[in-house]
Amino acid sequence: MRLDKLLANMGIGSRKEVKELIKKKSVSVNGKIIKSNLSIDPEFDRIECNGQVVEYQKYVYFMLHKPSGYLSATRDQEQKTVLDLLKTEDQARSPFPVGRLDKNTEGLLLLTNDGQLAHELLSPKKHVDKTYFAKISGFVTENDVAEFLQGVDIGDYITKPAKLKILKVEEVSEIEVTITEGKFHQVKRMFEAVGKEVLYLKRLTMGSLELDPTLKLGGQYRALTDQEIQNILEETKG
């Protein structure tokens, strides 16, 4: 890897700023001051910048409390994306959202640059549970619970069994629903199929990951803990 790219990826600065640091002899590799850009092995070479060791981290994993109004995408010419909620140095690591939350859906979103993990988490073969809280226009019944458990015909597809838990039954009911797949607008289409409308939707969990209650809705995020990373890596094995 080129030295300037590694330093930029680690949040030291932009590629231009990093090249200036190298010119100013502020960067050393294995104890030797570097005067020009070069290729390094981040797994074995010791890199220091302004006397501080730069710890190489190949992958990043962020838990984001996604607010409504942001696209689950890396870029869009007209609308805001979830990457706009990240700090510049975190954007530099090229993370992307694992799966999609609709623009107006809130809640847990995992962002990473680990493509293999993302693929495994989204693989239908893995049956990774995703739990949502929703407010529903209409009285949700035990018949709906039974239909969800059997699988719902959403027009072009019959969903896999889903667990529907009724929290409150009123003109606007409150529920939790757990699905193991992620078809386009799936939860909304499932409720439409039983004659109801989703008014509000929020993802609470994805596999073993649970939305951190300390993360505020305005787009707060944090790095996953080592234990959280280990748990999701274990879930996707096999």
Heavy atoms only: give me the nearest Cys49-Ile12 pair and the separation to one decimal.
SG-CG2, 3.9 Å
Scanning both residues in full, the closest heavy-atom pair of Val60 with Gln57 reads CG1-OE1, 4.1 Å
Say you draw a straight line from [atom1] of [X] to [atom2] of [Y]; how long is it, rounded to the nearest 0.5 Å?
{"X": "Arg189", "Y": "Ile154", "atom1": "CZ", "atom2": "CD1", "result": "4.0 Å"}
{"X": "Arg222", "Y": "Leu215", "atom1": "CZ", "atom2": "CG", "result": "6.0 Å"}
{"X": "Leu117", "Y": "Leu110", "atom1": "CG", "atom2": "CG", "result": "6.5 Å"}
{"X": "Lys165", "Y": "Thr178", "atom1": "NZ", "atom2": "OG1", "result": "9.0 Å"}
{"X": "Ser28", "Y": "Glu48", "atom1": "OG", "atom2": "CD", "result": "4.0 Å"}
{"X": "Lys5", "Y": "Ile40", "atom1": "NZ", "atom2": "CD1", "result": "11.0 Å"}

When you look at CD of Gln79, are more than 12 heavy atoms from neighbouring residues, nucleotides or ligands closer to it than 6.0 Å?
yes
Contact list for residues 7-46, test ring pair (Phe, Tyr, Trp, His ring centres under 6.0 Å), sequence neighbours left out:
none
Looking only at the side chains, is there a donor atom on one of [X] and [Y] sitting less than 3.5 Å from an acceptor on the other?
{"X": "Glu120", "Y": "Gln116", "value": "yes"}
{"X": "Gln227", "Y": "Asn231", "value": "yes"}
{"X": "Tyr61", "Y": "Asp114", "value": "yes"}
{"X": "Asn113", "Y": "Ser94", "value": "no"}

Identified side-chain contact (heavy atoms from CB on, under 4.5 Å) counterpart of Leu211 within the set Lys66, His65, Met206
His65
Looking at Lys168 and Glu174, is any side-chain nitrogen of the basic one under 4.0 Å from a carboxylate oxygen of the acidic one?
yes
For Ser72 and Leu101, indicate whether the former's side chain and the latter's backbone hold a donor-acceptor pair under 3.5 Å.
yes
Keeping the roles fixed (side chain from Glu147, backbone from Asp144), state whether a donor-acceptor pair exists under 3.5 Å.
no
Can you classify the ring geometry of Phe133 versus Tyr200 as parallel (below 30°), tilted (30 to 60°) or perpendicular (above 60°)?
perpendicular
Using the side chain to side chain contact (heavy atoms under 4.5 Å, CB included) criterion, which residues pair with Leu83? Sequence neighbours excluded.
Thr74, Thr81, Leu86, Pro95, Leu111
Starting from Phe62, can I reach Leu71 by hopping between I/L/V/M/F/W/Y residues whose side chains sit under 4.5 Å apart?
no
Check whether Tyr70 forms a cation-pi arrangement with Lys103 (NZ or CZ under 6.0 Å from the six-membered ring centre, at most 45° off the ring normal).
no
